[in-house]
Amino acid sequence: MAAQTFPAPDPALDLALRALADGNRRAILGVIRSSPQPVGEIADELGLSQQTTSHHLGVLRRAGLAASSRDGTRHLFVVDTDGLAAVRSYLDDFWPATLADLKAAVESRQQAPRG
């Protein structure tokens, strides 16, 4: 059996996965995924304080999962799809091996003699 090689650690991916581990942050991403939203509206929609929402948005920004812009005096936040692409790429690497294993299992069952 060949030795398995593992990719080098990716600090940006680690930050993104840690950020996604929190349910409030995932909920925030759900709110800002279709259009830029100010902190107050995000907080109101999720029933969070503005301070808590700002904290979570900061974590999402540092992780590359949210971006901000200014509209006059308001800060607007939106999903940063580049950060999500890195997470998706990481997760997509699991599917080929899993699908190949599933295919082999199905094929072996089909070829097994029936008793």
Side-chain angles (χ1 to χ4, degrees):
M1 180 178 229
Q4 189 172 4
T5 60
F6 297 98
D10 181 350
L13 177 62
D14 292 345
L15 277 175
L17 292 173
R18 277 191 218 107
L20 290 170
D22 185 278
N24 286 326
R25 292 192 278 267
R26 291 190 308 273
I28 289 169
L29 288 173
V31 171
I32 65 174
R33 77 172 168 208
S34 58
S35 65
Q37 300 290 323
V39 174
E41 289 180 25
I42 299 166
D44 288 345
E45 186 162 337
L46 298 175
L48 300 172
S49 70
Q50 285 197 18
Q51 182 179 5
T52 297
T53 303
S54 292
H55 164 76
H56 287 303
L57 285 164
V59 172
L60 290 167
R61 285 181 58 211
R62 287 188 296 280
L65 300 174
S68 66
S69 62
R70 290 185 69 88
D71 180 23
T73 59
R74 299 185 326 160
H75 278 91
L76 301 176
F77 294 87
V78 68
V79 169
D80 185 338
T81 56
D82 290 343
L84 288 174
V87 173
R88 181 177 181 167
S89 176
Y90 170 74
L91 294 174
D92 282 348
D93 284 345
F94 287 95
W95 292 113
T98 303
L99 292 175
D101 291 345
L102 177 60
K103 180 182 179 208
V106 168
E107 288 173 350
S108 70
R109 287 191 86 202
Q110 289 174 346
Q111 295 173 1
R114 297 179 188 225

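No hydrogens, no waters, no symmetry mates; every other heavy atom, side chains included, goes into these values.
Here the closest non-hydrogen pair linking I42 and L57 is CD1-CD1, 4.0 Å. Counting all heavy atoms, side chain and backbone alike, H56 lies closest to I28 at CB-CD1, 3.4 Å. Minimum interatomic distance between P11 and P9 (heavy atoms only, all atoms of both residues): CD-O, 3.6 Å. When all heavy atoms of S35 and V78 are compared, the closest pair comes out as C-CG2, 4.3 Å. Across every non-hydrogen atom of R26 and L20, the tightest pair is NH1-O, 2.6 Å. Across V59 and A19, no two heavy atoms sit closer than the pair CG1-CB, 4.0 Å.
Annotation: side chain to side chain contact (heavy atoms under 4.5 Å, CB included) contacts of D10 (sequence neighbours excluded): A12, L13. Under the side chain to side chain donor-acceptor pair (under 3.5 Å) criterion, S49 pairs with T52, not counting sequence neighbours. With sequence neighbours excluded, the residues that form a salt bridge (Lys or Arg N to Asp or Glu O under 4.0 Å) with E41 are R74. T73 pairs by the side chain to side chain donor-acceptor pair (under 3.5 Å) definition with nothing, not counting sequence neighbours.
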Q: Kindly indicate, with the supporting measurements, whether the criterion side-chain contact (heavy atoms from CB on, under 4.5 Å) is fulfilled by R18 and D14.
A: CA-CA 6 Å; R18 277 191 218 107; D14 292 345; 3.8 Å; yes
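Residue pairs meeting the salt bridge (Lys or Arg N to Asp or Glu O under 4.0 Å) criterion with at least one partner in residues 80-90, sequence neighbours excluded, are R88-D92. The salt bridge (Lys or Arg N to Asp or Glu O under 4.0 Å) analysis of residues 59-70, with sequence neighbours excluded, yields no pairs.
Note that OG1 of T81 is 10.5 Å distant from CG of L65, once rounded to the nearest 0.5 Å. To the nearest 0.5 angstrom, N24 atom CG is 9.5 Å from H55 atom NE2.
Cluster annotation: V31 and V39 are assigned to the same hydrophobic cluster (Ile/Leu/Val/Met/Phe/Trp/Tyr, side-chain heavy-atom contacts under 4.5 Å, transitive). Both L48 and L60 are assigned to one and the same hydrophobic cluster, defined by single-linkage of ILVMFWY side chains at heavy-atom distances under 4.5 Å. Taking hydrophobic clusters as Ile, Leu, Val, Met, Phe, Trp and Tyr residues chained together by side-chain heavy-atom distances below 4.5 Å, L91 does not share a cluster with L15.
Side-chain N or O atoms of S54 include one that pairs as donor or acceptor with a backbone N or O of Q50 at under 3.5 Å.
A heavy-atom distance below 4.5 Å is not found between the side chains of T53 and L46. Residues L17 and Y90 have side chains in contact (heavy-atom distance under 4.5 Å, counting atoms from C-beta outward).
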